[in-house]
Protein chains: 2
Amino acid sequence: MSIDRRAEVVHAAAKSFTMFGYKATTMDQVARIARVGKGTIYTFFDNKEQLFEEIMKNFVAEILALAERAIDPGKPFAENLHRALLDVLNYRKEHELISRLTMEMKEIGTAAAGFGIHMMDEALLDFVAEAVQDAVAKGELKPCDPKLTAYVLVKLFITLVVDWPAVSGQPFKEKDVMRLFELYFLDGISETS
Amino acid sequence: MSIDRRAEVVHAAAKSFTMFGYKATTMDQVARIARVGKGTIYTFFDNKEQLFEEIMKNFVAEILALAERAIDPGKPFAENLHRALLDVLNYRKEHELISRLTMEMKEIGTAAAGFGIHMMDEALLDFVAEAVQDAVAKGELKPCDPKLTAYVLVKLFITLVVDWPAVSGQPFKEKDVMRLFELYFLDGISETS
DNA sequence: TTTATGACTAAAAATCAAATTCGGTCATTT
DNA sequence: AAATGACCGAATTTGATTTTTAGTCATAAA
């Protein structure tokens, strides 16, 4: 049996996109790494963008699996959610691809890179929205628009974990994030309940 | 009495920065609008950036006065804050300079434009932080870091008023923003208090 | 016959020098 | 003493030229 050329291509592309980003990855390079003729790539993928989407799709699937694993149906909503989001952000931090592509998308508005990020965020948002819906059904959360709530929730989390540390220069410890998250989002800041 | 050349310059600069942004505003143009020799500008301001800062300073002062006016010491925190923030955002929407400069800062990383925005945000944040501190002192809000709370608060507001409408395509009515703001920030989303 | 290949092409991007623009200065004018 | 605008050098823009690269296709290998 001959080698699985498609897998070789995907593997090589993932490696190159990860290391060099979207723009700096050439199809010749992918072919060279995969030890495959360039034309071969085009038997599996119509163009560079589709190849990239395949990589991102795998990536998103991996992350979602991770988030899914972090959910323990027995534990309360807050705890599950926090653990899942922390896992995802950690994963993001470890795997450079995401932050590299985020940068690339903001600096150069590469359409494909933008799509990759968008798919990422969309998947994460859907996942959280579903979790919110479940929690509402279980009576753990007040009735609300799950999609909007998920959006607000993720934004708040990024505010606490990414934005504020960048502004103030001091990142929070995990415990602190947990506490602040409860204060600002779950319990509310108002004194008179 | 001769004309007040400084005022002429400031007025002309404000007009030009507002209409064309930082980069596209030339000192020759400002001089022409102000009907003043270019050298005259440099008797009042060391350079273009300082001229710009003067404009921004006036602008920030105007906005803060607006926010201050929106605060009624007799009314509850939530109401005051909401009204103040809404006024500020409305002001931003009306006066193009802000959004123009925000764009300019993101597209081209003009240092001066960045400074202008930063000063803006900083002033707003300080204002809100103070309001939060007062509310905590009055026992209306739980004890918290006022600066961080202000940051989270403003971010949430922008999420609701700017980001989410851009994502979902449908802006909220003022009433809705008020309600969501209370749900997500003041009262908290958790069902079990 | 089917699959794989890499030389080839058209188009996009990088390069680079000439031309232009613009912030800031200063000798002259008012 | 205050105001001015011609002037200067640095920075930016332009556009012609070269290089790179996504995608094709005639040929070779399996």
Side-chain angles (χ1 to χ4, degrees), chain A residues 1-56 101 103-116, chain B residues 1-56 101 104-105 107-116:
Chain A
M1 169 198 172
S2 70
I3 54 171
D4 182 349
R5 291 172 203 279
R6 191 180 196 281
E8 288 292 318
V9 168
V10 168
H11 184 255
K15 188 170 179 177
S16 184
F17 282 132
T18 302
M19 290 177 66
F20 307 115
Y22 181 80
K23 217 182 114 185
T25 292
T26 70
M27 297 302 262
D28 281 291
Q29 190 177 33
V30 172
R32 198 160 359 98
I33 295 175
R35 280 188 275 182
V36 149
K38 185 161 60 153
T40 303
I41 300 175
Y42 289 89
T43 63
F44 301 121
F45 302 96
D46 282 352
N47 50 45
K48 187 181 178 181
E49 196 164 324
Q50 278 200 16
L51 174 58
F52 179 70
E53 281 176 29
E54 167 90 6
I55 308 302
M56 283 307 293
L101 288 181
M103 297 283 284
E104 194 174 352
M105 177 185 130
K106 280 176 186 169
E107 280 169 21
I108 328 149
T110 312
F115 178 84
Chain B
M1 170 198 171
S2 70
I3 54 171
D4 182 349
R5 290 171 205 281
R6 190 180 197 282
E8 289 291 318
V9 168
V10 167
H11 184 254
K15 188 170 179 176
S16 185
F17 282 132
T18 302
M19 291 177 66
F20 308 115
Y22 182 80
K23 216 183 117 185
T25 292
T26 70
M27 296 303 261
D28 282 291
Q29 191 178 31
V30 171
R32 197 161 357 100
I33 295 175
R35 279 188 274 184
V36 145
K38 185 161 60 153
T40 304
I41 301 175
Y42 288 89
T43 64
F44 301 120
F45 302 96
D46 282 352
N47 49 46
K48 186 180 179 182
E49 195 165 324
Q50 277 200 18
L51 175 58
F52 179 71
E53 281 177 27
E54 167 91 6
I55 308 302
M56 284 308 291
L101 288 180
E104 195 175 351
M105 177 184 129
E107 280 170 20
I108 328 150
T110 312
F115 178 85

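Side-chain atoms are counted along with the backbone in the values below, which use heavy atoms only and exclude waters and symmetry mates. We name chains A, B, ... by the order of the sequence lines, and we start the count at 1 in each one.
Here the closest heavy-atom approach between residue A/Ala31 and residue A/Gly37 is recorded as CB-C, 4.2 Å. A pairwise comparison of heavy atoms in A/Asn47 and A/Gln50 identifies OD1-N, 2.9 Å as the closest pair. B/Phe45 and B/Val10 get closest at one heavy-atom pair: CZ-CG2, 3.9 Å. Residues B/Phe17 and B/Lys48 share a closest heavy-atom pair of CE2-CE, 4.3 Å.
Candidate nucleotides D/dA3, C/dG23, C/dA4 were compared by shortest atom distance to the side chain of B/Thr40, and D/dA3 ranks first.
As rounded to whole Å, 12 Å separates atom C1' of C/dA4 from atom CD1 of A/Ile41. Rounded to whole Å, the distance from CD on A/Glu49 to P on C/dA12 is 15 Å. Atom CZ of A/Arg6 is separated from atom P of C/dA4 by 13 Å (rounded to the nearest Å). For the pair B/Leu51 CG and C/dC22 C1', the computed distance is 15 Å after rounding to whole Å. Put simply, CD on B/Gln29 is 14 Å from P on C/dT21, counting in whole angstrom units. Taking atom CE on B/Met27 and atom P on D/dG5, their separation rounds to 15 Å, with Å as the unit. Rounded to whole Å, the distance from CD on A/Gln50 to P on D/dA22 is 15 Å. Rounded to whole Å, the distance from NZ on A/Lys48 to P on D/dT20 is 15 Å.
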Produce a footprint string for nucleotides 24-30 of chain D: one letter per nucleotide, 5' end first; B if the base is under 4.0 Å from any protein heavy atom, S if only the sugar-phosphate is, - if neither. B------
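In this structure, CD1 on B/Ile41 lies 12.0 Å from CZ on B/Arg6, to the nearest 0.5 angstrom.
Of the two residues near DNA chain C, B/Asp28 and A/Phe44, the one whose nearest nucleotide lies more 5' is A/Phe44.
For the OP1/OP2 pair of C/dC22 and a distance below 4.0 Å, the side-chain nitrogens and oxygens of B/Thr26 include no atom meeting the criterion. Listed pair A/Arg5 / C/dA4 meets the phosphate criterion, a side-chain N or O lying under 4.0 Å from OP1 or OP2. OP1 or OP2 of C/dG6 has not a single side-chain nitrogen or oxygen of A/Arg32 nearer than 4.0 Å.
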Got a list of protein N/O to nucleotides 10-13 of chain D N/O distances below 3.5 Å?
unit_1, atom_1, unit_2, atom_2, d
D/dT13, OP1, B/Lys23, NZ, 3.1

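Of the residues in residues 8-22 of chain A, none has a non-hydrogen atom less than 4.0 angstrom from any atom of DNA chain D.
Annotation: side chain to side chain contact (heavy atoms under 4.5 Å, CB included) contacts of B/Ala12 (sequence neighbours excluded): B/Val30, B/Ile33, B/Ala34. Qualifying side chain to side chain contact (heavy atoms under 4.5 Å, CB included) partners for A/Glu53, counting only residues two or more places apart in sequence or in other chains: A/Glu49, A/Phe115.
Among residues at least two apart or in separate chains, salt bridge (charged side-chain N to carboxylate O under 4.0 Å, His left out) pairs with a member in residues 26-41 of chain A are A/Asp28-A/Lys38.
Proximity of A/Met27 to A/Leu51: side-chain heavy atoms (C-beta onward) are separated by under 4.5 Å at one or more points. With a 4.5 Å cut-off on side-chain heavy atoms, A/Glu54 and A/Phe44 do not count as touching.
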